[in-house]
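When a ligand or atom number is given, it counts from 1 through the structure's own listing order.
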Amino acid sequence: MEEKDILTGLDKYEEFLKKLETEIRKMEDYRIAIIYTDIKYFKYINDTFGYRRGDMLLKEFTRQVTQGNGNMLCAARVFSDNIVVASKVGSRMSNEEVREVIHRHNLEMEKRFRENYSAARLKFCTGISFISKEDRRLDPATAVSNANLARKIAKEMKEDCCVLFDSRMTDGIKREIEITSSLSRAIADGELKVYYQPKMKTDSVRIDGAEALIRWQKPDGRFIYPDEFIPVLEQSGQIVELDYFVYREVFRFIAGRMRENKPIVPISVNVSRAHLHKMEILSYLSSLFEEYRIQPNLVEFELTENIYIENTEKALQLIDGLHKMGTKVSMDDFGSGYSSLNLLSRLPIDIIKLDKVFLQDEETDNDLSENDKIIISCIIDMARKLRITSLCEGVETPEQSDYLSEIGCELQQGYYFSRPIPKNDFEMFMDRNFPGKGGLITA
Ligand code: C2E
Ligand code: CA
Ligand code: CA
């Protein structure tokens with residue numbers, strides 16, 4: 001007996017896959033489009049109008065998607081509001097034309113549904129993949145998961161609700177899997193290293209600190225940069241493991257310098273937003289301070305502006321915990337997002353790091369425009385009045401550095417002084433640039 005879904009009358013997913021396999025086998029001079037659709041904000045309809053209304057909408061949606069489609073081969077409800085349809089497509093129609101037809105159909109449905117169900121936010125999101133005669137060996141479930149992947153991308157998009165599958169999409173996913181599955185091994189094998197980028201004191205152009213930045217170098221010498229793997233690790237939650245690794249390396253480095261009686265500057269580390277949910281970071285850091293016996297003022301913490309904006313309460317708790325340990329906290333990337341100036345007066349931060357966007361002006365080729373100058377000098381002035389130390393990142397030219405001195409920005413960091421460099425190079429840099437060489441920093 002055929003397996004049907006009670007609510008929609010469509011096939012169950014297993015049955016659909018069997019039928020699709022048969023259809024692929026008997027395919028002639030046409031190709032098969034796998035059209036995978038779901039309703040964005042369906043949960044909102046259920047929550048607001050009740051499940052009965054939700055069920056009605058789903059039945060109507062199924063009718064709209066499947067009826068009047070003479071080319072339909074089979075259709076199923078995969079789960080909840082996810083409907084997949086397999087349709088014949090003639091050789092005269094391009095993939096893009098198929099996408100346009102479905103896109104238009106989705107827009108019409110949205111309009112009608114919004115009127116009938118007073119659901120203003122409702123949106124249909126569709127992903128489409130194709131099976132042609134050449135890829136007859138393709139497993140039907142893979143074709144569906146390709147369409148589903150495109151659908152997920154459609155769901156993220158603001159404008160478009162209908163996206164064609166592209167093999168590069170799976171390349172991206174493969175890369176993510178490669179990153180998430182190899183992190184622990186890569187740490188154990190020494191592929192991840194902490195680099196250091198000096199921070200200079202504006203008035204003396206001497207080193208005043210450094211930022212620890214992670215680098216991942218594969219055995220073939222190729223670097224994977226943080227901008228690529230950090231977002232992936234943030235998604236998977238493994239960023240906590242990475243951050244802890246960096247913190248331990250930094251503590252070990254500072255303790256080593258102190259043991260050898262060599263001068264050292266405070267090192268700042270980045271704090272991912274993932275720590276806000278757990279707050280275990282505080283006990284982890286306390287145990288590091290205990291184990292390595294270093295002064296709290298030698299480690300500083302950078303929290304990006306977004307963290308403060310997303311969850312001010314938790315951010316306040318975290319800053320409080322870090323301050324109780326005796327460490328300093330800075331607001332990183334200030335000005336890169338929706339910076340709220342009022343946060344500056346509400347949050348007890350010690351240092352404000354102006355984002356490098358202020359200095360990177362493509363139009364003027366890194367010469368600061370008059371408008372940039374006004375904004376930067378206002379922020380620095382404000383920081384001074386609030387007794388917050390100001391640091392500008394992304395300093396690349398002597399002109400930029402001179403201007404920052406002129407307006408009283410206290411610290412600077414950027415390629416003009418040094419790129420992030422491996423530990424040994426950083427030690428040499430420090431030894432050359434340390435104020436009153438030889439003395440151990442005290443406060
Ligand atoms: P960030 O915290 O804003 O770090 C500053 C970034 O600016 C670094 O990129 C640095 O190499 C780059 N930079 C420094 N000076 C200049 C300059 O003069 N010009 C230009 N164009 N860029 C400059 P990087 O190392 O690629 O790191 C990117 C981001 O990845 C960091 O941004 C930070 O958010 C994150 N990240 C890096 N290491 C870690 C880490 O250990 N833990 C966490 N949670 N995040 C990290
Ligand atoms: Ca930073
Ligand atoms: Ca930054």
- Of all pairs that satisfy side-chain hydrogen bond (donor to acceptor under 3.5 Å, both in side chains), the ones with a partner from residues 306-318, not counting sequence neighbours: Arg273-Glu310
- Note on the structure: Among Glu228, Gln197, Glu396, Gln413, closest by heavy atom to atom 15 (N) of ligand 1 is Gln197
- Of the choices Asp332, Ile239, Leu192, which has the non-hydrogen atom that lies closest to atom 2 (O) of ligand 1? Asp332
- Can you find a protein heavy atom closer to atom 32 (O) of ligand 1 than 4.0 Å? no
- Query: Under the ring-ring contact (aromatic ring centres under 6.0 Å, His included) criterion, do Tyr284 and Tyr247 qualify, and how do the steps go?
  - Reply: CA-CA 9 Å; Tyr284 187 79; Tyr247 302 165; 7.0 Å; no
[atom]: which protein heavy atom is closest, and how many Å away?
atom                    : result
atom 36 (N) of ligand 1 : Ile230 CD1, 3.3 Å
atom 44 (N) of ligand 1 : Asp243 OD1, 2.9 Å
atom 6 (C) of ligand 1  : Lys356 NZ, 3.5 Å
atom 22 (N) of ligand 1 : Tyr415 OH, 3.3 Å
atom 30 (O) of ligand 1 : Pro226 CB, 3.4 Å
atom 28 (C) of ligand 1 : Asp227 OD1, 3.4 Å
atom 3 (O) of ligand 1  : Asp333 OD1, 3.1 Å
atom 37 (C) of ligand 1 : Leu213 CD2, 3.7 Å

Would you give the length of the straight line joining atom [atom1] of [X] to atom [atom2] of [Y], rounded to the nearest 0.5 angstrom?
X      : Y      : atom1 : atom2 : value
Trp216 : Tyr225 : CH2   : OH    : 14.5 Å
His103 : Cys162 : NE2   : SG    : 7.0 Å
Asp38  : Cys161 : CG    : SG    : 11.0 Å
Lys199 : Ile351 : NZ    : CD1   : 6.0 Å

Any atoms of ligand 1 less than 4.0 Å from a non-hydrogen atom of [X]? List them with their elements.
X      : value
Gly414 : 15 (N), 18 (O)
Pro420 : 11 (O)
Val395 : 18 (O)
Glu211 : 2 (O), 4 (O)
Glu393 : 3 (O)
Gln360 : 19 (N), 20 (C), 21 (N)
Gly394 : 16 (C), 17 (C), 18 (O)

- Would Asp333 and Ser336 satisfy side-chain hydrogen bond (donor to acceptor under 3.5 Å, both in side chains), going step by step from the backbone distance to the final call? CA-CA 6 Å; Asp333 300 343; Ser336 65; 4.8 Å; no
- Item | Identified side-chain contact (heavy atoms from CB on, under 4.5 Å) partner of Ile352 from the options Ile380, Leu386, Ile388, Leu347 | Ile388
- Task: Would you please classify the geometry between the Phe251 ring and the Tyr292 ring as parallel, tilted or perpendicular, with 30° and 60° separating the classes?
- Result: tilted
- Task: Could you tell me how the ring of Phe429 sits relative to the ring of Phe426: parallel (under 30°), tilted (30 to 60°) or perpendicular (over 60°)?
- Result: parallel
- Does Lys373 make a cation-pi contact with Tyr403 (under 6.0 Å, within 45 degrees of the axis)? yes
- Query: Are Arg419 and Tyr415 in a cation-pi setup, meaning NZ or CZ lies under 6.0 angstrom from the ring centre and within 45 degrees of the ring axis?
  - Reply: yes
- Test salt bridge (charged side-chain N to carboxylate O under 4.0 Å, His left out) applied to Lys353 and Glu410, Glu305, Glu302, the passing residue: Glu302
- Note on the structure: When every non-hydrogen atom of Pro266 is compared with those of Glu300, the smallest separation belongs to CB-OE2, 3.7 Å
- Item | Polar proximity ligand 1 side, Ile214 side, N/O cut 3.5 Å exclusive | yes
- Task: Please list, in chain and residue-number order, the protein N/O/S atoms closer than 3.0 Å to the Ca ion (ligand 2).
- Result: Glu211 OE2, Asn270 OD1, Glu302 OE1, Asp332 OD2
- Message: With a cutoff of 4.0 Å, is Arg215 in contact with ligand 1, counting heavy atoms of the residue only?
- Response: yes
- Message: Tell me if the NZ atom of Lys328 is crowded by more than 12 foreign heavy atoms within 6.0 Å.
- Response: no
- Neighbour count above 12 (heavy atom, 6.0 Å) for Arg387 CZ: no
